[in-house]
Amino acid sequence: MNEPPRRHDITIRVAAGPGRHHDPAAFAVAASQAAEARYASILSAHTAEEIICVVSVPAATGPEAAAVALAVVADALKAEKVALSPSQ
C-alpha cells in the first residue's frame with residue numbers, strides 16, 4: 001500500500017568552526033533555492049557557533065525526508081562557498 005506524502009520537519013545543525021565563515025544572507029538565498037528545487041522549504045537561524053536549519057519536506061517516510069533535508073543543506077553550503085570564493 002502506498003502512503004500519501006506527509007510533511008516532515010527535519011532539524012539540521014551545522015557547526016561554524018575555525019575557518020568557516022558563513023554569510024547568513026547568502027546562505028538564506030542558497031538554501032531557499034536548494035529547497036525549492038526539491039519541493040521543500042527551509043528556515044535557518046545563525047548563531048556564533050552554528051547554523052540551525054529546519055527543512056520541511058513532503059515525503060512518505062522519515063528517512064526519505066532526512067535525505068532530502070541533508071541534500072538541501074549540503075547544496076546551500078556548496079553554493080554559499082562558491083559565492084564567498086574570490087572570482088578569477
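The chain is numbered in sequence order, starting from 1. Bear in mind that the values here come from a model prediction, so they are computed numbers and not experimental data. Computed from heavy atoms alone, side chains included, the values below leave out hydrogens, waters and symmetry copies.
- Taking the salt bridge (Lys or Arg N to Asp or Glu O under 4.0 Å) definition, one finds that Arg7 meets it with nothing, sequence neighbours left out.
- Within the structure, no pair that satisfies the ring-ring contact (aromatic ring centres under 6.0 Å, His included) test touches residues 50-71, not counting sequence neighbours.
- Hydrophobic clustering (ILVMFWY, side-chain heavy atoms < 4.5 Å, transitive): Val68 and Val14 are in one cluster.
- The side chain to side chain contact (heavy atoms under 4.5 Å, CB included) search around Val54 returns Asp9, Thr11, not counting sequence neighbours.
- In terms of the side chain to side chain contact (heavy atoms under 4.5 Å, CB included) criterion, residue partners of Ser44 (sequence neighbours excluded) are, by chain and number, Phe27, His46, Ile51, Cys53.
- Screening residues 51-72 for ring-ring contact (aromatic ring centres under 6.0 Å, His included) gives no qualifying pairs among residues at least two apart or on separate chains.
- A search for side-chain hydrogen bond (donor to acceptor under 3.5 Å, both in side chains) contacts involving Glu36 returns nothing, not counting sequence neighbours.
- There is no path of hydrophobic side-chain contacts, each under 4.5 Å, that joins Ile42 to Val29.
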Atom pairs and distances, donor-acceptor, side-chain atoms in residues 70-77, under 3.5 Å, two or more places apart:
from: Asp75; atom 1: OD2; to: Arg38; atom 2: NH1; distance (Å): 2.6
from: Asp75; atom 1: OD2; to: Arg38; atom 2: NH2; distance (Å): 2.9

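- Within the structure, the salt bridge (charged side-chain N to carboxylate O under 4.0 Å, His left out) test picks out no pair touching residues 52-63 (sequence neighbours left out).
- Counting only residues at least two apart or on different chains, no ring-ring contact (aromatic ring centres under 6.0 Å, His included) pair has a member in residues 55-81.
- His8 and Arg6 get closest at one heavy-atom pair: CD2-O, 3.3 Å.
- Listed by chain and residue number, nothing satisfies the salt bridge (Lys or Arg N to Asp or Glu O under 4.0 Å) test with Glu64 (two or more places apart in sequence, or in another chain).
- Of all non-hydrogen atoms in Val55 and Ala40, the two that sit nearest each other are CG1-CB, 4.2 Å.
- Counting only residues at least two apart or on different chains, no ring-ring contact (aromatic ring centres under 6.0 Å, His included) pair has a member in residues 48-74.
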